[in-house]
Colleague: 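Quick one: the structure is below, questions incoming.
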Amino acid sequence: MKKPDLSVEIAGIKMRNPVMTASGTFGYGEEFSPYLDLDTLGAIVTKGLSLAPRAGNPTPRIVETPGGMLNAIGLQNVGIDAFIEKKIPFLRNLNTPVIVNFFGNSIDEYAELAARLDLVPEVAAMEINISCPNVKHGGIAFGVDPKAAFSVVKAVREMTIKPIIVKLSPNVTDIVEMAQACAEADADALSLINTLTGMAIDLDKRKPVLANVTGGLSGPALKPLALRMVWQVSRAVKLPIIGIGGITNAIDALEFMLAGATAVQIGTANFINPGIAQKITEDMELYLVKNGITDVKELVGALEI
Amino acid sequence: MKKPDLSVEIAGIKMRNPVMTASGTFGYGEEFSPYLDLDTLGAIVTKGLSLAPRAGNPTPRIVETPGGMLNAIGLQNVGIDAFIEKKIPFLRNLNTPVIVNFFGNSIDEYAELAARLDLVPEVAAMEINISCPNVKHGGIAFGVDPKAAFSVVKAVREMTIKPIIVKLSPNVTDIVEMAQACAEADADALSLINTLTGMAIDLDKRKPVLANVTGGLSGPALKPLALRMVWQVSRAVKLPIIGIGGITNAIDALEFMLAGATAVQIGTANFINPGIAQKITEDMELYLVKNGITDVKELVGALEI
Amino acid sequence: MRHFKSMVVLNEEVSPGYARIRLTAPRVIMRAKPGQFVMIRVSEGIDPLLRRPFGIYDLGSFMPEYPDAPLQDYLEVLYKVVGKGTRILSSLHHGDYLDILAPLGTGFTQGNPEEEKILVGGGVGLAPLYFLAKQLVKKSKVKVFIGGRRKEDILSVTEFERLGIDTYVATDDGTLGAMGLVTEVMESNLANGDAKRSIFACGPLPMLKSVAGISERWGVSCQVSLEANMACGVGACLGCVTKGRNHSEQTPDYRCVCKDGPVFDSREIMWE
Amino acid sequence: MRHFKSMVVLNEEVSPGYARIRLTAPRVIMRAKPGQFVMIRVSEGIDPLLRRPFGIYDLGSFMPEYPDAPLQDYLEVLYKVVGKGTRILSSLHHGDYLDILAPLGTGFTQGNPEEEKILVGGGVGLAPLYFLAKQLVKKSKVKVFIGGRRKEDILSVTEFERLGIDTYVATDDGTLGAMGLVTEVMESNLANGDAKRSIFACGPLPMLKSVAGISERWGVSCQVSLEANMACGVGACLGCVTKGRNHSEQTPDYRCVCKDGPVFDSREIMWE
Ligand SMILES: Cc1cc2nc3c(=O)[nH]c(=O)nc-3n(C[C@H](O)[C@H](O)[C@H](O)COP(=O)(O)OP(=O)(O)OC[C@H]3O[C@@H](n4cnc5c(N)ncnc54)[C@H](O)[C@@H]3O)c2cc1C
Ligand SMILES: Cc1cc2nc3c(=O)[nH]c(=O)nc-3n(C[C@H](O)[C@H](O)[C@H](O)COP(=O)(O)OP(=O)(O)OC[C@H]3O[C@@H](n4cnc5c(N)ncnc54)[C@H](O)[C@@H]3O)c2cc1C
Ligand SMILES: Cc1cc2nc3c(=O)[nH]c(=O)nc-3n(C[C@H](O)[C@H](O)[C@H](O)COP(=O)(O)O)c2cc1C
Ligand SMILES: Cc1cc2nc3c(=O)[nH]c(=O)nc-3n(C[C@H](O)[C@H](O)[C@H](O)COP(=O)(O)O)c2cc1C
Ligand code: FES
Ligand code: FES
């Protein structure tokens, strides 16, 4: 049999397969190069970027929970200048699209970041994080209010002709409403979900485990929620969707595609197995071969209700 | 050392300890009597009741997920007449408060159920389910809209002098707002959380696993979310709180109490170990003894931030 | 209904992908009826989270290896490795421990000993039928029809033959016994006789449905053992229900497979 | 940095609650430096979900039991059973498999061989120091100070003595060696000498902080190996950071314990 076609395209970003790595879980790619071939991935999404460098939260910042983990990194990052100077040179040599995830404390900051990234040729697309629940000013207000989300996306849209992916928060009553607001503001694609706000407590110390008290839940525990949201949004909104949340293997990834995702992002699973993203691409191909599917795109939204 | 005091009181319901069983996971108590002594529990909450008997959803209704399970039982229940006739006689002989969980398709139905239950002496309190995400008319609208929640609780309040516990849904942007609406409508206590809406897919069949497509996520996977919500609500609202979500042992239970819960409910864990509720009461006592705590109430809200 | 810790006594492959596990059990297990089942917790942690249901394949007692020990009762489960839980089960060794609820559910009603007993099983559905056959042969004539996809899926033939039971085998691919469906073999056998008979079936749903149809056509009473996704196993979660004959939205008639079953009279079930 | 499957060769208790596990490793492990660590996945499922970090306690090679086999390299980890992951680890046997990332992080800088090397470890913090000592003794004079709560927490004394190293022990309750803090014993020892020295420390944070203070007072250079909650172990998640000396909100100076450490010059760290 001919090799199946794994390639997908999202808002003009051509990817050799649907397997991307999720922001904040894959560093700037480099950290994982001993463990996999970065040029086998669909795309790499870099750690959330802000204008100025950010210190992030005090420690402890992470804790394991049943089937998942909480993180309160607090969006620590090197800031856009250092990113362009120190991280882009490595990424430039890859044959894989680089998508830059970023966030601002205000609409102006979002717009300014977009304007600057628009000029960086190595940036294939932007992923706007309107959803990080860790930091008071990390965008939480934008991520749960459709009007605010609309304004941010609109402002970014005016600054760039690169594809805009908006990353949605699950901490909302109605994810479809959020998705629609982004679509109206002319986003090119949606990625979902970001982490769910949770908390862990140390009984003996009578204290929260995380210095930040609450953190974002990620990992397999989250998968049913993420699948549901992808499915809901894909039925209501025409934009291409990138499915994220608890994916640890090719089966999980393909389930998200059935639910309506054109591509997926691997997050926490990178910590468990630093070579997992490449392995998922390989296993995905095996699955297609075994089931006589010639093109992975056939599966997108192919869920039968 | 003297035995520690495990007793708590919620809205006038005196319980020998803070460990209750959660609605829908403990049948009508009877099913578990071979596995534990029902008279060691703090309280029993019965399966969600409606006016008329309900068929519930088609099968499959349950599926395991990472660290949790989805259920779409669809609120199958015998209806209030059969409940009073067939289930109350068994419950009457217990020495443990019985709390009846119920739901309606309209405000009138809620009110009518409350009026009828008000007359049943065996009912120590009512738990209003405004949050079940399984059934289109199972109350989802009430559970995510503060105004609707206010109206339901108000209507129930007018029909009964028994304590009213309102059970909150986690499928909302702002759980505090929901809690406040219930407090304004004169609820006596809050229980949280109910299940989180999720989905599971069978890749090979290209179908949702559950006949109902989506279902409610419960179990340990949910615990960080539940803890966070209990903590948020306890800081914002004066009502006593019953913590629910992924509790499988005494440590989990006590963590919820630190976060602000006066009592807890055990749900999915009853399926894993039908004797767990009693074991949690025992282990809780051991913990208090070991740590020289004379009264479990000391722990309520004792989290140090 | 007991909740107990059990020790694995043996765990051996009986055919590729199928194994038999022997588990110590309290004395009262000896009162379990064929068709009843057990819920096994295969992990102390949360992966997998829920118990797994298995029919009782056999009961017995053995003499522990230390002096003056009382007889130790055990139960056996015959299982197929299909996923995470059964994979963990298959990795256990003598001396490992498991947490068990047993016996659960209703068993088969053995009925009038004069009747000829027709047992029909598919794959691992054989498990409860072997336990049943051991009791039935004491008083009745018993025939067993065993079906499966390939010869590897045909289990326990020797065990049934050792009980002196007429054993008929059918495989989809003809690698053992007749080629075709076991239900067809059974029906043609029904046609060649006129004794008073009753049928006991366990296996995949399509097979059970077909058996129910055959029993209806031949006017033979029939009990089927159903499977369902289960969470609690004790009738509390309502996850495992199946529709009773008179079910409708207005007058719901759902039965719990775990508590009202897993064995039902085939006429009590709504076959869809 | 390699990702490999490893076989458990031995796993034995060395003191109540502490064990040593020997794990096969690829040849390249021989280039690992003392102070580097490994991330072990103790379960194939999701419980526990994340890898667990452990220092390298020893490296070596053994001759497999079959003829003409090449030497097989291994690494050893000394661990304390504290929770779910280490409990699973302690249940493994010869022949079980584990998934490992190694070697990770930076190691100790061994510095000028003329200096006297002062090693200070608390509890299981001894692990990387033993590996370090084995290398240091070849060229330098080495002393080791071992602390713990009770005598059960004092590990590897014999191993250090076998290397010909002066070994000082202190326990909180005096059940072995001096009663009191190991840091006090070390400081009084520092006072009785004036050789050029450098300190290598691993153990609980309060101990490290105290050692850092002592080294500051005596003007002795000091490296500490830190612990932190880790998710990735490769510098990607930023979960494990510790504050560098010049850290402030405005000019953040966070270092990754996993990648920039776990070994740091004590003066590089902001001790709070
Ligand atoms: C009353 C009853 C008696 C049973 N008796 C036996 C027996 O004697 N021997 C035997 O091998 N099996 C028996 N089963 C089926 C057995 O319970 C499942 O094979 C087992 O739970 C699968 O667990 P797993 O973790 O290995 O698979 P999973 O990873 O959970 O799933 C793998 C596959 O098995 C299916 N499955 C999962 N859970 C169940 C379930 N509760 N019931 C049916 N299918 C399921 C899934 O849909 C999936 O296709 C019985 C089931 C019931 C309800
Ligand atoms: C660089 C480094 C090297 C280490 N070297 C060793 C070693 O050589 N030998 C050894 O026994 N231990 C070592 N540890 C600590 C070891 O990682 C933890 O004891 C282990 O992860 C606990 O896992 P668990 O599942 O048994 O405990 P859990 O159930 O996860 O937790 C039990 C307790 O251990 C603490 N703990 C959990 N994870 C960590 C962690 N990543 N780091 C520190 N504490 C943690 C928890 O806060 C809790 O109090 C090292 C840690 C680091 C960061
Ligand atoms: C440690 C950590 C850091 C993260 N940082 C970011 C970030 O900077 N920006 C962002 O949009 N999402 C961030 N995320 C969210 C992930 O990209 C992803 O949406 C989430 O973890 C769910 O996917 P998973 O279950 O596969 O991990 C982070 C997640 C983790 C675990
Ligand atoms: C099978 C099942 C049925 C449930 N039925 C009800 C119900 O009828 N009414 C209700 O308010 N909650 C119901 N719940 C929700 C539980 O009471 C509880 O809020 C939820 O499961 C979270 O707790 P847990 O993680 O301990 O299970 C049900 C949960 C399960 C798993
Ligand atoms: S499995 Fe819970 S009711 Fe049958
Ligand atoms: S553990 Fe992930 S950055 Fe150090």
Side-chain angles (χ1 to χ4, degrees), chain A residues 21-36 46-48 52-79 200 209-211 215 218-221 223 246 248 267-276 279, chain D residues 1-5 28 39-53 83-85 99-105 205 226-244 246-261 269-270 272:
Chain A
T21 54
S23 177
T25 66
F26 205 68
Y28 299 96
E30 215 170 338
E31 294 84 347
F32 287 81
S33 57
Y35 305 107
L36 47 64
T46 54
K47 173 72 191 159
R54 275 179 69 116
N57 288 327
T59 57
R61 291 177 168 189
I62 51 177
V63 57
E64 195 175 84
T65 66
M69 62 178 279
L70 290 169
N71 88 78
I73 306 302
L75 296 170
Q76 175 182 344
N77 79 93
V78 295
V209 177
L210 299 176
S218 65
K223 196 186 118 188
T248 64
T268 304
N270 295 310
F271 305 154
I272 305 169
N273 175 353
I276 193 69
K279 175 146 171 53
Chain D
M1 291 105 93
R2 288 286 284 280
H3 182 189
F4 55 90
K5 283 260 177 250
V28 57
M39 288 284 270
I40 302 185
R41 189 168 174 206
V42 299
S43 145
E44 283 178 25
I46 60 159
D47 188 22
L49 186 69
L50 300 173
R51 288 173 186 273
R52 299 294 192 254
K84 186 157 35 181
D99 179 294
I100 294 187
L101 295 181
L104 299 171
L205 196 65
L226 298 184
E227 289 200 4
N229 286 8
M230 291 186 176
C232 71
V234 301
C237 73
L238 305 182
C240 65
V241 297
T242 192
K243 286 178 187 155
N246 299 321
H247 178 87
S248 73
E249 265 306 301
Q250 292 66 44
T251 57
D253 173 23
Y254 270 125
R255 322 279 175 94
C256 282
V257 171
C258 71
K259 204 177 175 194
D260 306 319
I269 299 298
M270 179 177 287
E272 295 171 292

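Here is how names work: the chains are called A, B, and so on, in the same order as the sequence lines, proteins then strands, and each is numbered from 1.
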Colleague: Taking all non-hydrogen atoms of both residues into account, name the closest pair between A:Pro274 and D:Arg51 and its distance.
Modeller: CD-NH2, 4.3 Å

Colleague: For D:Asn229 and A:Pro60, which heavy atoms make the closest approach, and how far apart are they?
Modeller: ND2-CB, 4.2 Å

Colleague: Counting heavy-atom pairs under 4.5 Å to chain D, which of A:Met69, A:Glu30, A:Glu64 comes out on top?
Modeller: A:Glu64

Colleague: So for A:Thr248, is it side chain, backbone, both, or neither that comes closer than 4.5 Å to the heavy atoms of chain D?
Modeller: neither

Colleague: Relative to chain D, which of A:Phe32, A:Tyr28, A:Phe26 shows the most heavy atom pairs under 4.5 Å?
Modeller: A:Phe32

Colleague: What residue, out of D:Arg2, D:Met39, D:Lys243, D:Arg52, has the most heavy-atom pairs lying under 4.5 Å from chain A?
Modeller: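 If we count pairs closer than 4.5 Å to chain A, D:Arg52 comes out on top.
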
Colleague: So which of A:Pro58, A:Ala52, A:Ala55 has the largest heavy-atom pair count under 4.5 angstrom toward chain D?
Modeller: A:Ala55

Colleague: Just so I understand: if I count every heavy-atom pair under 4.5 Å between each of D:Leu50, D:Asp47, D:Ile46 and chain A, which residue has the most?
Modeller: D:Leu50

Colleague: Tell me, out of D:Leu238, D:Val234, D:Thr251, who's got the most heavy-atom pairs with chain A below 4.5 Å.
Modeller: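 Maximum pair count with chain A is reached by D:Leu238.
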
Colleague: Is a donor on one side and an acceptor on the other found under 3.5 Å between the side chain of A:Arg61 and the backbone of D:Val241?
Modeller: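 Absent.
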
Colleague: Write down the atom of A:Phe271, the atom of D:Cys237, and the distance for their closest heavy-atom approach.
Modeller: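 Where A:Phe271 meets D:Cys237 most closely, the heavy atoms are CZ-CB, 3.4 Å.
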
Colleague: Between the main-chain N or O of D:Met1 and the side-chain N or O of A:Tyr35, is there a donor-acceptor pair closer than 3.5 Å?
Modeller: no

Colleague: Please find the pair of heavy atoms, one from A:Gly68 and one from D:Leu49, that lie closest to each other, and give the distance.
Modeller: CA-CD2, 3.5 Å

Colleague: When rounded to the nearest 0.5 angstrom, what is the spacing between SG in D:Cys240 and CD1 in A:Ile73?
Modeller: 8.5 Å

Colleague: Give, for atom CD of D:Glu272 and atom OG1 of A:Thr59, the distance between the pair rounded to the nearest 0.5 Å.
Modeller: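 Result: 7.5 Å between the selected atoms.
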
Colleague: State the CZ-CG distance between D:Arg41 and A:Asn273, to the nearest 0.5 angstrom.
Modeller: 6.5 Å

Colleague: Check each atom of D:Met230 against the heavy atoms of chain A and say whether the ones under 4.5 Å are side chain, backbone, both or neither.
Modeller: backbone

